[in-house]
Amino acid sequence: MRRQRIAEILHSGQPGQSVTVLGWVRTRRDSKHGFSFVEVNDGSCLKNLQAIIDAQTPGYAERIRAVTTGASVRLEGELKESPGKGQRIELHVRAFDVLGPADPETYPLQKKRHSFEFLREIAHLRPRTNTFGAMTRVRNAVSFAIHEFFQERGFYYVHTPIITTSDCEGAGALFQVTTLDLEKLARTVTELDYRHDFFGKPAYLTVSGQLQAEIFACAVGACYTFGPTFRAENSNTTRHLAEFWMVEPEMPFYELNDNMDLAEEFIKYVIRRVQQRCADDLEFFNQRIDNTLSDTLANITENRFVRLSYTEAVEILQRSGRSFEFPVQWGNDLQSEHERFLTEEHFKAPVILYDYPRTIKPFYMRLNDDGKTVRAMDVLVPRVGEVIGGSQREERLDVLQQRMVECGLNVESYQWYLALRRYGTVPHSGFGLGLERFIQLITGMQNIRDCIPFPRTPKHADF
RNA sequence: UCCCCGGUAGCUCAAUCGGUAGAGCGGGCGGCUGUUAACCGCUAGGUUGUAGGUUCGAGUCCUACCCGGGGAGCCA
């Protein structure tokens, strides 16, 4: 008999149908002389399938005691309408096996709620919980929708390198990659000779695929990257990971407004897709994690994002009458409290800020005619903060070179990047979306470490 | 990295003024029931994060360290 997944059974299974189910036991309730209720989950959906194992079922006496929370089982039987509340149909078992028992004395997961802190310590078992099952499905749906969005629009999925030798854009601290025997060298030399390292010079894990994506955008058209990114910052917050996934579209012939349009459309598209495909999971997050979630998401998909310049934002903040811990002053980067005020109190909506002071943004952003601001844009959302950062890129060779010098970069090592402006330069734009922050937004989860299967943060790289 | 809070049973937590360790859940055993956070009874389970110190006496006070969480900075 073919195995059927529980999502399919609960959705379209009919009384009288024979099915085989393979999965993990969530709970068992016994009737001593009658039968046992066993709830099984196979990860295909949030809901469990309720199975009834009668005491007359072959092997019941010997094996039912091994049907405990966490055990893996094979259940064969017939679907019947359920007389009880809480489920449309249930499985009446004809035959069952315990594939792998789970000692209830030591199995860490209980039927009750666990703290997320505890679950992080058992990252190998937390996917078996409701929350992380839902997380896994939502993350999958988000990833798939991201590809759909760009593929439908003719963007190419480009694979940019994970290992890089360019200490690019000063976007955070880098993880170094080496095959040198550091322990041995520490005992024998005082200076490293990178000619003996694998790449013949220092190499690092990428902090962004943007510069390489620009190469392809200026060749084959709009493209996007979607891969892991690494930052060696010693950040200990609910919004930072040392290893995270980033989506970076890059579009030729796009100016900043086109870029903002795309970013807004993109966020709305992905959320709608997840709403369609993971309705149960989102409902779970709304009920158990953050009961403002449904409203937040509806607010995002149904309204236009507020757009205002950095300068206008500064004026609003200064006129707000609020006393912030950090004073608002033109030329300084906005603090978390300022962003939160704008998104959570003043507008109560996502906000796209653009035209930031040149001094607080990287070299590659296009300089405005005022000479003071650059064509940057950040998409800020309630609670999570910056979920997208992007810009129109500086396509003028001379201006770009000057900006690089200004930012203290070694112009020589960026010759390939400058060459894109030297030969057939075009206006172009792009942005980066932090996948886990986006998932935080969509699920309402408080901590980004619970939005990725195996979080990497300072002092944490287990599993 | 800085600031704040915390670390007591497998999990979540309580323990008054410094006076000799408790509950719920989970586990085991028994009972009961078309149950569904099941219910009822019994029961086992602890070097109170680590190392020092103060004290007749420390879970409680002091010092250092380790670990966890939240906030800030950096950023996506």
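Per chain, numbering begins at 1; letters A, B, ... match sequence-line order.
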Which part of the nucleic acid does A/Arg65 contact within heavy-atom distance under 4.0 Å: base, sugar-phosphate only, or nothing?
sugar-phosphate
Check whether the side chain of A/Gln446 and the base of B/rG69 form a donor-acceptor pair under 3.5 Å.
no
Rounded to whole angstroms, how far apart are CG on A/Leu109 and P on B/rA37?
19 Å
So, does A/Arg26 use its side chain to make a donor-acceptor pair with the main chain of A/Lys111 at under 3.5 Å?
no
Say we look at B/rU33 and B/rC67: how far apart would their C1' atoms be, to the nearest angstrom?
45 Å
Of the listed nucleotides (B/rA76, B/rG71, B/rG28), which one gets closest to any side-chain atom of A/His240?
B/rA76
Say you pick atom C1' in B/rC17 and the same atom in B/rG73; how far apart are they, in whole Å?
42 Å
So, is A/Thr27 close to the B/rU36 phosphate, meaning a side-chain N or O under 4.0 Å from OP1 or OP2?
no
Mark yes when over 12 heavy atoms from residues, nucleotides or ligands other than A/Phe144 sit less than 6.0 Å from its CZ; otherwise mark no.
no
With sugar-phosphate meaning primed atoms plus P, OP1 and OP2, does A/Gln440 contact a base, only sugar-phosphate, or nothing at under 4.0 Å between heavy atoms?
nothing
Write down the distance separating the P atoms in B/rA37 and B/rG30, rounded off to the nearest Å.
25 Å
Of the candidates B/rU35, B/rC75, B/rG69, the side chain of A/Glu117 sits closest to B/rG69
Between the base of B/rG10 and the side chain of A/Gln110, is there any donor-acceptor pair under 3.5 Å?
yes
Roughly, in whole Å, what's the span from CD1 in A/Ile122 to C1' in B/rG68?
15 Å
RNA chain B: A/Val387 or A/Lys85, which has the more 5' nearest nucleotide?
A/Lys85
Check the distance between B/rC32's C1' and A/Phe37's CZ and give it to me in whole angstrom.
13 Å
Which nucleotide, B/rG27, B/rU36, B/rC75, lies nearest any side-chain atom of A/Arg437?
B/rC75
Establish, with yes or no, whether the OP1 or OP2 oxygen of B/rA37 is under 4.0 angstrom from a side-chain nitrogen or oxygen of A/Arg29.
no
Under 4.0 Å from OP1 or OP2 of B/rG71: is there any side-chain N or O of A/Thr237 that close?
no
Go through it in stages, so that I can follow the logic: the residues are A/Phe226 and A/His147, the test is ring-ring contact (aromatic ring centres under 6.0 Å, His included), and I'd like the CA-CA distance, side-chain angles, deciding distance and then a yes or no.
CA-CA 9 Å; A/Phe226 185 4; A/His147 284 296; 5.4 Å; yes
Sugar-phosphate, base or nothing in reach of A/Pro108, heavy atoms under 4.0 Å:
nothing
If the C1' atom of B/rC29 is compared with that of B/rG45, how far apart are they to the nearest Å?
15 Å
Have a look at A/Thr69 and say if it touches a base, only the backbone sugar-phosphate, or nothing, with a 4.0 Å heavy-atom cut-off.
nothing
Could you tell me whether A/Gly84 contacts a base, only the sugar-phosphate backbone, or nothing, with contacts defined as non-hydrogen atoms closer than 4.0 Å?
base
Closer than 4.0 Å, any side-chain N/O of A/His114 to the OP1 or OP2 of B/rG10?
no
Measuring from the side chain of A/Ile448 (C-beta onward, heavy atoms only), which nucleotide among B/rA76, B/rU12, B/rG68 has the closest atom?
B/rA76
With rounding to whole Å, what would you report as the distance between B/rC2 and B/rA58 at their C1' atoms?
32 Å
I'd like to know if the side chain of A/Arg137 reaches the main chain of A/Gly43, judged simply by a donor and an acceptor atom lying under 3.5 Å from each other, with no hydrogens or angles considered.
yes
Kindly point out which of B/rA76, B/rG34, B/rA38 is positioned nearest to the side chain of A/Glu386?
B/rA76
Choosing from B/rG34, B/rC11, B/rC75, which nucleotide comes nearest the side chain of A/Gln87?
B/rG34
For atom CZ of A/Phe230 and atom P of B/rA76, their distance in whole Å:
16 Å
State which of B/rA76, B/rA72, B/rU35 makes the closest approach to the side chain of A/Arg239.
B/rA72
Quick note, A/Phe244 side chain, CB onward, closest among B/rU36, B/rA72, B/rA76 is B/rA76
Does the side chain of A/Asp378 reach to within under 4.5 Å of the side chain of A/Lys361, using non-hydrogen atoms?
yes
Please assess A/Phe150 against A/Tyr156 for the test ring-ring contact (aromatic ring centres under 6.0 Å, His included), listing each intermediate value before the final yes or no.
CA-CA 8 Å; A/Phe150 289 119; A/Tyr156 295 113; over 10 Å; no
Can you say whether a donor on the side chain of A/Ser235 sits under 3.5 Å from an acceptor on the base of B/rC75, or the other way round?
no
Side-chain donor/acceptor of A/Glu248 to backbone N/O of A/Gly209, under 3.5 Å
yes
C1' gap between B/rA76 and B/rU50, integer Å
38 Å
Return the nearest nucleotide to the side chain of A/Ser115; candidates are B/rU36, B/rU12, B/rG34.
B/rU12
For B/rG59, which nucleotide in any strand shown is its Watson-Crick or wobble partner with both distances under 3.5 Å?
none
Specify the separation, in whole Å, of atom CD of A/Glu105 and atom C1' of B/rA9.
13 Å
Mind calculating the distance between CG (A/Leu435) and C1' (B/rC75) to the nearest angstrom?
16 Å
Round to the nearest Å and state the distance from A/Arg449 atom CZ to B/rG71 atom P.
9 Å
With ring-ring contact (aromatic ring centres under 6.0 Å, His included) as the test, would you mind laying out the steps for A/Phe363 and A/Tyr414 before giving the verdict?
CA-CA 12 Å; A/Phe363 72 96; A/Tyr414 287 95; 5.8 Å; yes
Name the residue closer to the 5' end of RNA chain B, choosing between A/Asn236 and A/Lys111 according to the nucleotide with the nearest heavy atom.
A/Asn236
Is there a Watson-Crick or G-U wobble partner for B/rG41 with both distances under 3.5 Å, and which nucleotide is it?
B/rC29
Watson-Crick or G-U wobble partner for B/rG6, using a 3.5 Å limit on both distances?
B/rC67
Between the protein and nucleotides 40-43 of chain B, which nitrogen or oxygen pairs come in under 3.5 angstrom?
none

Would A/Phe35 count as stacking on B/rG34 if stacking means ring centres less than 5.5 angstrom apart and planes tilted under 30 degrees?
no
With heavy atoms under 4.0 Å as the rule, sort A/Lys459 into base, sugar-phosphate or nothing.
nothing
Between A/Asn140 and A/Thr136, is there a donor-acceptor pair closer than 3.5 Å when you use the side chain of the first and the backbone of the second?
no
A/Asp42 (side chain) donor-acceptor with A/Ile6 (main chain) under 3.5 angstrom:
yes
What interatomic distance, in whole Å, is found between P of B/rG10 and the corresponding atom of B/rC74?
42 Å
Does any non-hydrogen side-chain atom of A/Glu312 lie less than 4.5 Å from one of A/Tyr354?
yes
Rounded distance in Å - CZ (A/Arg28) to C1' (B/rG27):
13 Å
Could you tell me whether the side chain of A/Arg239 and the main chain of A/Glu386 form a donor-acceptor pair under 3.5 Å?
no
Distance between C1' atoms of B/rU47 and B/rG7 (Å, rounded)
16 Å
Of the candidates B/rG71, B/rC75, B/rC74, the side chain of A/Arg231 sits closest to B/rC75
